[in-house]
Each structure stands twice: as structure tokens, then as C-alpha cells.
Amino acid sequence: PYDEGVPARMMAEVATVDHRLAVEERDLLERFVNQEIGTVEELLEKPALRRTELDAVSAGEVRETMLMIVWTLAVIDERLHDNELVLLGRFAEGLAIDATRSDQLKSFAAEFAVDRALELAYPPSGRDALQYASARSLATKLGVRRADAERMDIRVRKRLGVH
């Protein structure tokens with residue numbers, strides 16, 4: 001239960017670090033957080049996590065998974081603010097994840113967000129040009145290289161059976 005509560009609190013901190021809770025962020029929080037941990041409102045009222053609390057999380061891949069989930073929340077609104085980057089850096093440090101690995105986890109989260117956006121660009125009726133442009137724009141905003149975005153598009157089309 002402790003290892004479930006910490007990322008929920010991390011997500012709440014990231015979601016409100018810019019002093020507003022975007023609809024996408026609230027949705028992700030509501031879907032992710034086990035109601036036994038608390039409601040979104042209860043999480044938002046909790047104090048900032050301390051380093052000792054982050055240090056008490058189970059060792060190993062659990063920590064990386066936590067940070068990647070929080071990176072996903074940070075990129076879901078299509079903007080990465082400086083204060084989010086600072087907070088995520090503090091989380092990575094508290095979880096003993098080095099900066100290089102944290103950047104890799106950020107890339108995985110960005111690719112996940114772009115993948116989901118590309119899926120929306122291919123409804124059954126055919127490619128939606130506006131949604132496709134939005135997905136490509138998101139990739140650029142999140143630092144996904146053009147060649148990687150093109151490969152992601154191919155993977156999505158293959159997965160959806162779109163030619």
C-alpha cells in the first residue's frame with residue numbers, strides 16, 4: 001500500500017505544480033489512484049513528499065515505474081513547465097534514479113502520449129488529418145524525434161490494421 005500511495009502523491013504534486021489541474025491530469029489521476037488511497041481532492045491536500053518518504057519506497061524497478069507514471073502525467077497536457085521539470089528532478093533524486101535514466105523514462109512517457117494521440121488519428125472512417133497534425137505537433141513539443149514519430153505512426157497503423 002505504501003508503494004501505491006507515493007506515486008499517487010507524486011502525481012498530485014505534478015498535476016498542481018502549475019497551480020491548476022488540467023482535465024487530462026484529473027482524468028489520469030482518477031483512473032490511476034486506488035480509492036482506498038484517497039480521492040483526488042484528498043491527495044491534493046496532502047503535503048509535499050519528503051526525501052525520506054521517497055527513500056522508503058521499495059527498491060528496484062518499482063521506483064522507475066513510479067517515475068515513468070509521473071512523467072506521463074507531466075507530458076499529458078502537452079506542456080512541460082520548468083517547475084514540473086524541477087519537481088520531477090527532485091523525485092528522481094529522492095528515488096535514487098540518475099538523470100540519464102530519468103531522461104529515458106521521460107522519453108518512454110512522451111512516446112506513450114504520442115502513441116495514444118496517433119491512435120486517435122485513425123478512426124474507422126480513415127485518417128483524421130486534424131488529429132494526425134495534433135499528434136505530430138505533440139511529438140515535436142515533447143521532443144520526440146521526427147524519425148521516431150514516423151516509426152510510431154507505422155506501429156500504430158499496423159496495430160490498428162490501417163494501410
Side-chain angles (χ1 to χ4, degrees), residues 1-121 131 134-145 148-149 152 155-156 159:
Y2 184 80
D3 283 355
E4 285 184 45
V6 170
R9 288 179 59 198
M10 291 167 68
M11 291 173 71
E13 283 188 54
V14 168
T16 58
V17 73
D18 59 358
H19 305 292
R20 67 181 217 30
L21 184 62
V23 172
E24 302 90 352
E25 293 168 327
R26 176 177 282 283
D27 182 52
L28 188 60
L29 272 170
E30 287 175 347
R31 285 188 291 139
F32 176 80
V33 176
N34 179 340
Q35 291 300 311
E36 293 176 16
I37 294 170
T39 66
V40 171
E41 285 71 26
E42 289 169 339
L43 287 171
L44 297 175
E45 292 176 11
K46 292 195 179 278
L49 283 160
R50 296 182 312 273
R51 173 114 187 202
T52 53
E53 291 174 295
L54 294 169
D55 190 49
V57 169
S58 297
E61 292 180 1
V62 169
R63 292 173 178 228
E64 291 186 354
T65 301
M66 287 179 181
L67 190 59
M68 189 167 55
I69 289 167
V70 179
W71 270 116
T72 301
L73 179 70
V75 302
I76 204 161
D77 67 356
E78 302 185 16
R79 293 176 297 277
L80 272 174
H81 302 283
D82 289 341
N83 46 2
E84 288 174 320
L85 294 171
V86 169
L87 182 58
L88 284 154
R90 184 175 68 80
F91 288 155
E93 187 177 304
L95 294 169
I97 298 172
D98 67 52
T100 300
R101 184 61 178 158
S102 180
D103 284 344
Q104 289 173 332
L105 297 171
K106 173 190 168 202
S107 292
F108 296 153
E111 289 176 13
F112 173 80
V114 172
D115 183 90
R116 295 298 163 248
L118 283 166
E119 273 190 3
L120 295 173
Q131 188 65 42
S134 177
R136 293 302 295 255
S137 174
L138 174 63
T140 300
K141 288 177 189 175
L142 298 180
V144 175
R145 294 185 331 221
D148 291 336
M152 292 171 66
R155 281 195 309 262
V156 167
R159 186 171 64 235

Closest non-hydrogen atom pair, V144 against A149: CG1-N, 3.9 Å
Gap separating the CD atom of E84 from the CG atom of L87, nearest 0.5 angstrom: 8.5 Å
Worked check of side chain to side chain contact (heavy atoms under 4.5 Å, CB included) between V33 and V40: CA-CA 8 Å; V33 176; V40 171; 5.7 Å; no
Residue pair M10 / V70: nearest heavy atoms and the distance that separates them: CB-CG2, 3.6 Å
N/O donor-acceptor pair under 3.5 Å between Y2 side chain and E53 backbone: yes
Atom pair CD/CZ of E13 and F91 - distance to nearest 0.5 Å: 4.0 Å
Partners passing side-chain contact (heavy atoms from CB on, under 4.5 Å) against R145 (at least two apart in sequence or in another chain): D148, R151
Stepwise salt bridge (charged side-chain N to carboxylate O under 4.0 Å, His left out) test for E42 and R9: CA-CA 10 Å; E42 289 169 339; R9 288 179 59 198; over 6 Å; no
T65: partners by side-chain contact (heavy atoms from CB on, under 4.5 Å), with sequence neighbours left out: I69
N34: partners by side-chain contact (heavy atoms from CB on, under 4.5 Å), with sequence neighbours left out: E4, E36, I37
Reported CE-to-OG1 distance for the pair M68 and T72, which is rounded to 0.5 angstrom: 6.5 Å
Euclidean distance, S102 OG relative to L67 CG, rounded to 0.5 Å: 4.5 Å
Residue pair L138 / A113: nearest heavy atoms and the distance that separates them: CD2-O, 3.8 Å
From R50 atom CZ to R90 atom CZ, the distance as rounded to the nearest 0.5 Å: 11.0 Å
Separation between CE of M66 and CG of L54, rounded to the nearest 0.5 Å: 9.0 Å
Partner residues of E93 under the side-chain contact (heavy atoms from CB on, under 4.5 Å) criterion, sequence neighbours left out: R51
Residue pair A8 / F32: nearest heavy atoms and the distance that separates them: N-CE2, 4.2 Å
Residues that K141 engages under salt bridge (charged side-chain N to carboxylate O under 4.0 Å, His left out), provided they are two or more places apart: E78
Considering all heavy atoms, the nearest D98-T100 contact: OD1-N, 3.0 Å
Pairs touching residues 55-75 that satisfy salt bridge (charged side-chain N to carboxylate O under 4.0 Å, His left out), sequence neighbours left out: E64-R101
Minimum heavy-atom distance W71-L85, with the two atoms named: CH2-CD2, 3.7 Å
